[in-house]
Amino acid sequence: MNTSGNNNPRNRRPEAGNPRAQSHGRHTAHSSGAAAGANNPRANAAAGRNNPRANASQGRASSASRGQALPVMGQSGGHVSNAVLENQAMPASKRKRGKAKKIALGVLAAVLVVAVVGIGFAFAYINKIQSNMSGSVSADTLATLDNVAAGEPFYMLLMGTDGSEARQQSGDFGDSFRTDTMMLLRVDPPQKKVTCVSIMRDTQVNLEGYGLQKINAAHVFGGTELAIKTVSELAGVPIAHFAEIDFDGFEKIVDALGGIEVNVPIAINDSHVDAALEPGLQTLNGVQALSLCRSRHTYDGLGVGDALRAANQRMVIGAIAKKVLSADLPTMMASIEALSQYVTTDMSVQDILALAQSMRGMNMETDFYTAICPTVSDYSNGVWWELLQRHQWEEMMERIDQGLPPTAEDQVDEATGIVIANAGGGAMGDETQEENAANARKRNHSGKVAVRNGTTVAGLAGKADAVISDLGFQVNTGNANSTDYDETVVVYNDDDRKQDAQDIVDELGVGVVEKNNSKYLFDGDLLVVLGTDYDK
């Protein structure tokens, strides 16, 4: 992967055409899950059956006991029926027990009715969630997906489209949106491991009928079905499930979860997104999380913006998964209900709950592997492409298919501290991320620094130049007016340069920070006067 610093003009919209893609895959004999809306025959039986005990309790009384006048003994033509004699002869205690029995049966019947109604509401609730998530999934899309036995490892395609309500209302983007984000996941429930690989949106593919196109155009030309087929063919693996979400839905899902905890590697300051972020461990709301996932101009001059923001996207996905998997069942169900309003997927509610239950206890630091599809940037005919490095890609997919991490070791971008690949070595751990973020911030300086040797030791200024330049500063060296400095001093003029001065002291390993009160005259933003302590 090329992460060198080149400014890439992005978001070129490909020309439209009529793609065809090859169906790929191996198929097993089992279905991945039943539809959510099946009726429960037991519930129906319970609801529709007459209670024989209730009938019996009501059927013993004669017509005389139902309000007719009875003749008194000794009256002309009168007699006492057996029913009356039985009633008069029955002790009061038995009559009370009979009444209590009727009450108990009535309570039981009421409980059964409530239970049946509750089951009905539960089915309606699940059916509503299921309809939200998969009601718009076409039969052609379902036919594209691979069938995998329940509990077995499978591949899933996650897609984030660049659609939103604002874009739809503008009418500038038509009815179809490009996949701003594409991730191929291998989910392994038995081992409680997940591998997440980002596919660069500008990856060059050959779409039949359209020729060479960027892979994010597949969704525009052929919707979800063509996107699945294209990624399946690119990776050489069958895809069993998919999930799709747009910008608005992503924000609302993060908010529905109460925010997510993320260690922001470097400050996000990008006019193309809605929120600016400071570096460090923090809880992000929906707008902030989306800004972190979408920002690429933050990295102009530091590396390939799309590659670095794709790494941030994988980090955010991991944070969402971590929060969902740590929730109790009611919270998880509420999260799934929130997800259902914004996510389109083929998976049933039962599938999702079973998968979440099987993945509980997963260690996100060691068993959530991440990587990016290896490509190299190429600019031709006024268009930027990401060209697949096929040999490296095939080796990566072979490792993934075996359940191994996609790379042998963790990979961290030196310029930003962003985790490019997590091979289970703890690159996503909070302490490591904080250290990476601090180092990245120190390497991301700008400004001019005058370095002066305040001792009689030759070569000190050149030695310090190498250290300070590595922080990103422009350095000029020379000798100080005096050579009797015992202690190194780093001087700043403006208060907003105080932290820069401290970073230089930290990197040199010696010295003190001092604000200039017209004591020092120098050109630039900072002055470093080296003392003999730097020679020790």
Side-chain angles (χ1 to χ4, degrees), residues 3-6 263-267 269 278-280 298-303 308 409-420 427 429 431-536:
T3 58
S4 61
N6 48 356
N263 201 333
V264 180
I266 67 172
N269 187 11
E278 292 299 320
T298 290
Y299 313 108
D300 289 346
L302 296 176
L308 297 176
E409 298 178 345
D410 295 342
Q411 297 176 4
V412 180
D413 181 67
E414 292 184 358
T416 61
I418 292 176
V419 178
I420 299 298
E431 293 182 2
T432 304
Q433 286 196 50
E434 288 176 1
E435 182 180 347
N436 289 339
N439 290 335
R441 178 177 54 78
K442 288 182 179 180
R443 288 189 293 270
N444 193 28
H445 289 90
S446 62
K448 296 180 179 180
V449 178
V451 177
R452 300 292 181 259
N453 188 353
T455 74
T456 57
V457 180
L460 280 190
K463 178 182 174 182
D465 180 1
V467 174
I468 298 172
S469 295
D470 188 53
L471 296 177
F473 294 108
Q474 298 179 29
V475 178
N476 67 80
T477 60
N479 293 319
N481 294 332
S482 174
T483 59
D484 59 356
Y485 280 84
D486 295 325
E487 186 177 42
T488 297
V489 59
V490 180
V491 182
Y492 66 94
N493 286 319
D494 301 325
D495 288 340
D496 58 359
R497 287 289 183 176
K498 182 178 180 179
Q499 184 60 54
D500 291 342
Q502 185 61 54
D503 289 342
I504 292 176
V505 167
D506 292 343
E507 201 70 11
L508 292 176
V510 296
V512 295
V513 173
E514 182 179 329
K515 184 170 183 179
N516 190 12
N517 293 315
S518 301
K519 178 179 177 181
Y520 301 93
L521 297 176
F522 62 93
D523 292 329
D525 300 296
L526 297 159
L527 169 68
V528 178
V529 182
L530 300 170
T532 54
D533 57 349
Y534 188 58
D535 187 41
K536 295 178 182 179

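All figures in this text were calculated on a predicted structure; none of them were measured in a lab.
- Nearest heavy-atom pair, Y485 versus V489, reported as atom, atom and distance to 0.1 Å: CE2-CG1, 4.4 Å.
- P265 is not listed as a side-chain neighbour of T416, based on a closest heavy-atom distance of 4.5 Å or more.
- Between the CG atom in N476 and the CG atom in D523 there is a gap of 8.0 Å [rounded to 0.5 Å].
- Between T477 and R452, the shortest heavy-atom distance links the atoms C-NH1, 3.4 Å.
- Closest heavy-atom contact between N263 and G280: OD1-C, 3.2 Å.
- With sequence neighbours excluded, no residue forms a salt bridge (charged side-chain N to carboxylate O under 4.0 Å, His left out) with D496.
- V505 and G511 get closest at one heavy-atom pair: CG1-O, 3.4 Å.
- Minimum interatomic distance between G478 and A461 (heavy atoms only, all atoms of both residues): O-CB, 4.1 Å.
- Around the CG atom of N269, the shell of radius 6.0 Å holds no more than 12 heavy atoms that belong to other residues, nucleotides or ligands.
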>> Under the criterion side chain to side chain contact (heavy atoms under 4.5 Å, CB included), I'd like the reasoning laid out for Q411 against I418: C-alpha separation, chi angles, the key distance, then a yes or no.
In response: CA-CA 9 Å; Q411 297 176 4; I418 292 176; over 6 Å; no
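- Of all heavy-atom pairs between E278 and V264, the closest is O-CB, 3.7 Å.
- Rounding to the nearest 0.5 Å places CD1 of I266 at 5.0 Å from OH of Y299.
- The salt bridge (charged side-chain N to carboxylate O under 4.0 Å, His left out) search around R497 returns D500, D525, not counting sequence neighbours.
- At a threshold of 4.5 Å between non-hydrogen side-chain atoms, the residues K515 and D495 count as touching.
- No side-chain heavy atom of T483 sits less than 4.5 Å from a side-chain heavy atom of N453.
- Counting heavy atoms from C-beta outward, Y534 and T455 have side chains that stay 4.5 Å or more apart.
- Between atom CG of residue N516 and atom CG of residue L526 there is a gap of 10.5 Å, rounded to the nearest 0.5 Å.
- Qualifying side-chain hydrogen bond (donor to acceptor under 3.5 Å, both in side chains) partners for T456, counting only residues two or more places apart in sequence or in other chains: none.
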>> side chain to side chain contact (heavy atoms under 4.5 Å, CB included) for I420 and L308? Distances and angles first, verdict last.
In response: CA-CA 7 Å; I420 299 298; L308 297 176; 3.8 Å; yes
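- Side chain of T488 to backbone of G531: a donor-acceptor contact under 3.5 angstrom is found.
- With a 4.5 Å cut-off on side-chain heavy atoms, L508 and V528 count as touching.
- Counting non-hydrogen atoms of other residues, nucleotides and ligands closer than 6.0 Å to NZ of K498 gives a total of 12 or fewer.
- Separating the NZ atom in K463 from the CG atom in L530 is a distance of 9.5 Å, to the nearest 0.5 Å.
- Residues V451 and D465 have side chains not in contact (no heavy-atom distance under 4.5 Å, counting atoms from C-beta outward).
- The shortest side-chain heavy-atom distance between K448 and F473 does not fall under the 4.5 Å cut-off.
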